[in-house]
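FYI, the numbering just counts along the sequence from 1. Quick note: numbers below take in every heavy atom, side chains included, and nothing from hydrogens, waters or symmetry partners. All values reported here derive from a predicted model rather than from experimental measurement.
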Amino acid sequence: MISCGRLFTFFQCDWFKKVVWKRCFIFFGIVCFGIFLGNGKVECSDSRVVSCKNFPDRTVLLTFDDGPSSATKEVLDALKNENASAIFFIVGEKANEREGKKILKLIADSGHMIANHGYKHVTMTKLTEKEQISSLDKTNSCIKEFQKTVLYFRPPGGACNNILKRSVNSLGMKIMFWNVDPRDWKKNDCGARPSHSALKERILKGLEDQGHKGIVLLHDIHLNTALAVPMILDALKKNGYSFMKPEDVLKYQKASK
């Protein structure tokens with residue numbers, strides 16, 4: 001039998017330290033990397049995530065989150081005046097209300113796309129896979145009263161992992177994030193949201209930083225945002241931007257995968 005003393009000496013030898021501990025460190029690193037892949041935010045290189053990487057130059061996809069709301073009507077009027085299209089990522093429980101259904105019909109009748117933002121505005125990664133699918137499916141049911149298929153899902157807060165990615169994919173949807181966020185939701189110290197001019201400038205600067213192409217995140221639950229949309233659209237057009245049609249987004253995905 002090997003004595004405890006000899007075992008201790010063996011564990012302290014240079015060969016053990018250099019070889020075994022090194023392999024243990026590598027193994028630990030691999031495990032941690034695997035955990036990161038399982039829980040980290042999905043990148044646009046993933047085929048299940050929509051990217052604006054290959055959009056034509058100076059092209060903008062307008063997206064609005066968290067509705068439907070009474071302010072959505074103002075957004076729709078502004079889009080109509082500029083002949084622009086958008087995607088509305090709706091919250092299912094709002095869409096299930098009487099007024100919500102009326103607004104969803106207006107969105108669909110106006111030629112815009114309706115997409116999924118979950119049944120409640122919660123961090124989806126905190127739900128079980130079964131709960132995720134239930135939330136997504138219930139929201140899709142609301143949408144499909146007015147639109148044949150649902151192509152996209154946007155995670156509230158952008159929180160996403162491989163489990164949620166799998167849930168979304170199982171229902172035939174792709175995930176759509178954004179790359180330009182003017183923070184229209186954030187109030188200043190006085191409790192006021194950004195001015196129309198500030199939102200316009202933030203969007204133009206964000207697009208410039210992103211190579212003059214992008215997916216813009218706005219929220220049609222804020223009247224301030226809705227009233228700023230005419231100025232935003234006018235500024236985009238004056239700066240040479242065109243508006244991506246939601247139905248054309250998938251045309252520019254192949255080279256991004």
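- With sequence neighbours excluded, the residues forming a ring pair (Phe, Tyr, Trp, His ring centres under 6.0 Å) with F64 are F88, listed by chain and number.
- The distance from the OG atom of S167 to the CG atom of N162 is 10.5 Å, given to the nearest 0.5 Å.
- Here the closest non-hydrogen pair linking P155 and C160 is CG-CB, 4.2 Å.
- Linking Ile, Leu, Val, Met, Phe, Trp and Tyr whenever their side-chain heavy atoms come within less than 4.5 Å puts I114 and F243 in one cluster.
- Cluster annotation: V91 and L217 are assigned to distinct hydrophobic clusters (Ile/Leu/Val/Met/Phe/Trp/Tyr, side-chain heavy-atom contacts under 4.5 Å, transitive).
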Practice item. For C52 and N179, run side chain to side chain contact (heavy atoms under 4.5 Å, CB included): C-alpha distance rounded to whole Å, both residues' side-chain angles, the deciding distance at 0.1 Å, then the answer. Key: CA-CA 8 Å; C52 61; N179 68 335; 3.4 Å; yes
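- Rounding to the nearest 0.5 angstrom, the gap separating the CG atom in L233 from the CG atom in L62 is 6.0 Å.
- Counting all heavy atoms, side chain and backbone alike, S85 lies closest to H112 at CA-ND1, 3.6 Å.
- Heavy atoms only, all atoms of each residue included: L104 and A95 are closest at CD2-CB, 3.8 Å.
- A pairwise comparison of heavy atoms in N239 and R58 identifies O-NH1, 2.7 Å as the closest pair.
- Distance check, rounded to the nearest 0.5 Å: OG of S51 to CD1 of I175 gives 13.5 Å.
- Within the model, atoms OH of Y252 and CE of M244 stand 5.0 Å from one another, a figure rounded to the nearest 0.5 Å.
- Residue L223 shares its hydrophobic cluster (ILVMFWY side chains chained together at separations under 4.5 Å) with L227.
- For the pair V49 and Q253, the tightest heavy-atom approach, listed with the atom from each and the gap, is O-OE1, 4.3 Å.
- Put simply, the side chain of F146 does not reach to within 4.5 Å of the side chain of I107, judged on heavy atoms.
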Practice item. Kindly indicate, with the supporting measurements, whether the criterion side chain to side chain contact (heavy atoms under 4.5 Å, CB included) is fulfilled by D184 and R193. Key: CA-CA 7 Å; D184 62 332; R193 290 197 169 86; 5.9 Å; no
Exercise for review: Could you walk me through whether K165 and D46 pass side chain to side chain contact (heavy atoms under 4.5 Å, CB included), step by step?
Suggested key: CA-CA 10 Å; K165 182 172 61 173; D46 192 302; 2.6 Å; yes
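- Using a 4.0 Å cut-off between charged nitrogen and carboxylate oxygen, D77 and K73 do not count as a salt-bridge pair.
- Counting heavy atoms from C-beta outward, K94 and I90 have side chains that stay 4.5 Å or more apart.
- Although no hydrogens or angles enter the test, the distance criterion places a donor-acceptor pair under 3.5 Å between the side chain of S69 and the main chain of D220.
- When the side chains of ILVMFWY residues are joined at heavy-atom separations under 4.5 Å, either directly or via intervening members, F177 and W185 end up in two distinct hydrophobic clusters.
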Exercise for review: Report the C-alpha separation of V180 and V60 in whole Å, then their side-chain angles, then the decisive distance to 0.1 Å, and conclude whether the side chain to side chain contact (heavy atoms under 4.5 Å, CB included) test is met.
Suggested key: CA-CA 10 Å; V180 177; V60 177; over 6 Å; no
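- Taking CG from L204 and CZ from R202, the interatomic distance works out to 12.5 Å, rounded to the nearest 0.5 Å.
- Side-chain atoms of F153 and N169, non-hydrogen and from C-beta on, never get closer than 4.5 Å to each other.
- A donor-acceptor pair under 3.5 Å is formed between the side chain of Q147 and the backbone N or O of T149.
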Residues 116-125, side-chain donor-acceptor partners within the protein, below 3.5 Å, at least two apart:
residue: N116; atom: OD1; partner: G118; partner atom: N; Å: 2.7
residue: N116; atom: ND2; partner: L136; partner atom: O; Å: 2.9
residue: N116; atom: ND2; partner: N140; partner atom: OD1; Å: 2.8
residue: H117; atom: ND1; partner: R154; partner atom: O; Å: 2.6
residue: H117; atom: NE2; partner: D66; partner atom: OD1; Å: 3.0
residue: H117; atom: NE2; partner: H121; partner atom: NE2; Å: 3.4
residue: Y119; atom: OH; partner: N96; partner atom: ND2; Å: 2.9
residue: K120; atom: NZ; partner: E93; partner atom: OE1; Å: 2.9
residue: H121; atom: NE2; partner: D66; partner atom: OD1; Å: 3.1

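- The closest donor-acceptor contact from the side chain of T63 to the backbone of V216 lies under 3.5 Å.
- Put simply, CD1 on I87 and CE on M113 are 5.5 Å apart, with the number rounded to the nearest 0.5 Å.
- A donor-acceptor pair under 3.5 Å links the side-chain atoms of T139 to the main chain of S135, judged by distance alone.
- At a threshold of 4.5 Å between side-chain heavy atoms, the hydrophobic network of Ile, Leu, Val, Met, Phe, Trp and Tyr places I221 and W178 in two separate groups.
- No side-chain donor-acceptor contact under 3.5 Å links K213 to the backbone of L61.
- Residues K102 and E99 are paired through a salt bridge, judged by an N-O separation under 4.0 Å between the basic side chain and the carboxylate.
- Of all non-hydrogen atoms in N224 and P194, the two that sit nearest each other are ND2-O, 2.7 Å.
- Counting heavy atoms from C-beta outward, V150 and L171 have side chains that stay 4.5 Å or more apart.
- Linking Ile, Leu, Val, Met, Phe, Trp and Tyr residues whenever their side-chain heavy atoms come within less than 4.5 Å leaves M231 and I203 in two separate clusters.
- For N83, the CG atom counts as loosely surrounded, since its 6.0 Å shell holds 12 or fewer non-hydrogen atoms of other residues, nucleotides or ligands.
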